[in-house]
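Here's the structure, in structure tokens; my notes come after.
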Amino acid sequence: MFIIKNFEPRTYQTAICKTIENHNTLVVLPTGLGKTKIAIMAAVERLNKLPGSKAIILTPTKPLTNQIFEEFKECSEFEFITQLTGAVPPKKRATLFSQANIIVATPQTIQSDLDKLNISLEDVSLLCIDEAHRSRMKFANTTVVKSYLAQSKYPRILALTASPGGTRQKIKEICDNLHIEKAEIRTDEHEEVTPYIQKKEITWINVDLPEEFKETLTLISSVYSATLSKLRNYGLTKPIKLINKKDLLKFQGMMQFEIRNGNKSAFQKISTVAQAIKLMHAIELLETQGAASLTSYWNKLSQETSKASTIIKNNQSIVKAIDLTKKLTENQTTHPKMTKLTELIQEQLKKDPNSSIMVFANFRFTVDEIHKTLSLIPNVKPAKLVGQKEGLSQKEQLQIISDFEDKKYNCIITTSIGEEGLSLEAADLAIFYEPVASEIRTIQRTGRVGRTKEGKVVALITKNTRDEAYYWVAKRKESIMKSTLEKMQSGQTTL
């Protein structure tokens with residue numbers, strides 16, 4: 001008999017596990033309320049009920065596989081728990097898979113081993129999908145689920161997330177892809193979980209775009225507006241002020257379809273879309289990140305040889321904008337967010353020298369800038385946590401997380417890799433260098449504090465820029481998601 005250990009199941013965890021016993025279940029639970037413990041309880045029940053079977057826990061990143069692997073070892077007594085990622089050679093993975101009771105793995109690893117026929121899911125009695133909001137379209141999660149349902153003698157699926165998406169359609173897509181039959185939903189207001197919810201103070205601080213930036217912004221914006229006007233002539237019907245990146249990508253897809261059907265004139269239209277996307281990005285960098293980020297982008301653009309890049313580089317307004325941007329960078333004209341960020345961190349450490357702080361930024365260049373700035377401030381011990389593609393190995397990522405928890409560092413600056421699931425118990429303050437338009441990412445970021453004690457979240461917003469737009473988009477989506485979940489919970493809306 002396998003057993004749980006080192007924790008006492010909470011009432012809501014036990015109730016949720018009763019549903020999992022008989023149904024493929026989606027569990028929506030606020031961050032820090034023990035989703036992995038539910039997976040452990042479900043695995044114990046399934047493997048005791050079906051001796052000789054296995055459980056697989058799929059989670060999207062290598063640091064997360066390690067954390068879940070360690071939590072399973074600490075909180076359960078299984079004969080053999082293994083961790084499988086691309087860092088383990090395929091032949092060794094196949095051997096470990098055959099021997100283990102519990103397999104914690106990335107979805108891509110399991111998908112690869114299935115494609116190569118190195119493993120079978122015949123004896124897997126529980127497939128747990130962590131961060132289940134990623135289970136859309138042809139993501140590895142959904143591909144593995146199809147194989148699992150085809151191969152397993154006794155399939156049971158458990159999907160876990162804190163943020164399934166902003167609409168009923170998105171939630172339904174996840175449920176359809178994962179063959180979910182029941183949903184167990186607990187929001188912050190649910191009476192079963194409120195005793196375990198830590199208080200979070202959430203603040204949004206507005207800053208003004210510097211006057212020095214505005215001439216450059218006007219030059220880029222004029223070229224951007226002219227480019228959008230061309231697209232309107234090409235058939236993009238939305239008003240210029242309302243066009244967003246999603247609209248541009250959709251129009252680009254339509255033009256690609258036209259090209260496949262022999263319409264050569266669509267090549268010009270696709271090039272114009274590419275120009276618009278590049279100019280939109282330049283505007284966003286200046287408004288939300290600063291001159292140094294934009295200078296870095298101009299330098300990258302100067303190396304590109306595409307038609308779209310060449311047209312932008314040869315535009316006289318852009319030539320002038322590039323010159324002005326470089327002068328701003330040479331004069332070390334920083335974005336006011338950087339000043340506000342350093343003030344907030346100094347205030348926090350003055351109030352509590354033992355504080356642990358997380359800073360989220362969308363762009364790797366900004367992460368580097370923030371790290372460089374904070375490194376010059378006494379008592380701030382910053383570290384960068386970025387993905388493998390951005391230069392950190394899994395081992396290095398895990399070491400940084402460990403050092404942060406051991407107080408070697410008191411501030412982690414991170415990209416999106418720091419948003420999902422990482423158990424950083426000690427974070428007292430999270431600062432968003434910019435809002436994100438995704439309700440899922442906003443919730444994940446906010447969930448990095450207040451896990452075991454009260455925490456504070458601060459977001460920096462440049463007034464009258466894309467920052468404000470992204471803030472309101474995420475807020476609206478989060479409100480819709482909360483309403484949808486409440487209706488699902490009360491039975492007003494079905495899967």
Side-chain angles (χ1 to χ4, degrees), residues 60-61 133-134 163 202 204-207 209 213 217 220 244-246 248-249 277-301 325 334-342 344-345 357-374 382-392 397 411-422 427 429-449 457-463 465-475 477-478:
T61 66
H133 50 271
R134 288 178 172 238
S163 45
I202 301 176
W204 302 89
I205 295 178
N206 292 306
V207 299
L209 190 70
F213 286 22
L217 180 61
I220 305 169
N244 55 36
K245 189 174 181 179
K246 187 176 179 180
L248 294 174
L249 292 173
I277 291 172
K278 290 177 185 293
L279 291 165
M280 175 187 283
H281 185 59
I283 292 169
E284 180 177 352
L285 288 177
L286 183 61
E287 287 183 340
T288 71
Q289 309 298 309
S293 290
L294 182 54
T295 294
S296 176
Y297 180 64
W298 291 140
N299 291 338
K300 180 184 174 185
L301 194 74
T325 309
T334 59
H335 200 288
K337 284 184 182 180
M338 191 67 76
T339 304
K340 181 57 68 175
L341 175 74
T342 56
L344 290 167
I345 290 174
I357 301 162
M358 292 192 73
V359 179
F360 293 96
N362 274 347
F363 301 101
R364 172 60 197 269
F365 185 90
T366 305
V367 169
D368 292 338
E369 262 201 302
I370 293 170
H371 183 266
K372 182 179 177 181
T373 301
L374 296 181
K384 293 183 284 188
L385 179 63
V386 296
Q388 286 186 287
K389 290 181 180 178
E390 298 163 311
L392 281 185
Q397 291 169 350
C411 182
I412 281 185
I413 309 112
T414 184
T415 52
S416 58
I417 193 172
E419 293 172 359
E420 286 196 332
L422 293 177
L429 169 66
I431 302 173
F432 302 177
Y433 197 75
E434 67 283 290
V436 286
S438 163
E439 77 286 6
I440 292 174
R441 290 185 63 196
T442 300
I443 290 167
Q444 296 286 356
R445 282 183 172 191
T446 305
R448 296 312 102 209
V449 300
V457 177
V458 179
L460 304 176
I461 300 175
T462 312
K463 287 191 284 188
T465 69
R466 278 159 176 75
D467 274 348
E468 282 194 346
Y470 292 159
Y471 165 72
W472 288 110
V473 167
K475 195 172 182 65
K477 287 180 178 178
E478 190 173 348

Report task. May I ask you to decide if Arg441's main-chain N or O and Ser438's side chain share a donor-acceptor pair within less than 3.5 Å? Result -> yes

Report task. Taking the side chain as every heavy atom from C-beta outward, state whether Gln289 and Glu369 have any pair of such atoms under 4.5 Å apart. Result -> no

Report summary line: Rounded to the nearest 0.5 Å, the CD1 atom of Ile440 sits from the NZ atom of Lys477 at a distance of 8.5 Å

Requested in this report: Would you indicate whether the side-chain heavy atoms of Ile277 and Leu249 approach each other to under 4.5 Å?
Outcome: yes

Report task. Rounded to the nearest 0.5 Å, what's the gap from OG1 on Thr414 to NE2 on His371? Could you check? Result -> 12.0 Å

**Report entry** Residues forming a salt bridge (Lys or Arg N to Asp or Glu O under 4.0 Å) with Lys340, sequence neighbours excluded
**Finding:** Glu343

Requested in this report: Determine whether Val207 and His335 make a side-chain contact, defined as any pair of heavy atoms from C-beta on separated by less than 4.5 Å.
Outcome: yes

**Report entry** Heavy-atom check, side chain of Arg466 versus side chain of Met280, under 4.5 Å
**Finding:** yes

Query raised in the report: With side chains defined as the heavy atoms from C-beta onward, is the minimum distance between Glu434 and Leu460 less than 4.5 Å?
Result: no

Report task. Could you tell me whether the side chains of Asp467 and Thr462 share a donor-acceptor contact shorter than 3.5 Å? Result -> yes

**Report entry** Lys372/Asp368 salt bridge by N-O under 4.0 Å criterion
**Finding:** no

Report summary line: Output for pair (Lys337 NZ, Leu344 CG), nearest 0.5 Å, gives 12.5 Å

Query raised in the report: For the side chain to side chain contact (heavy atoms under 4.5 Å, CB included) test, which of Val359, Leu341, Ile431 pairs with Ile413?
Result: Val359

Query raised in the report: For the residue pair Tyr297 and Ala282, what are the closest heavy atoms and their distance?
Result: CE2-CB, 4.0 Å

Query raised in the report: Looking at side-chain heavy atoms only, is the closest gap between Leu209 and Lys463 below 4.5 Å?
Result: no

Query raised in the report: With side chains defined as the heavy atoms from C-beta onward, is the minimum distance between Pro435 and Thr442 less than 4.5 Å?
Result: no

Report task. State the NZ-CD1 distance between Lys278 and Ile220, to the nearest 0.5 angstrom. Result -> 14.0 Å

Query raised in the report: Are Tyr471 and Trp204 close enough that some pair of their side-chain heavy atoms sits under 4.5 Å apart?
Result: yes

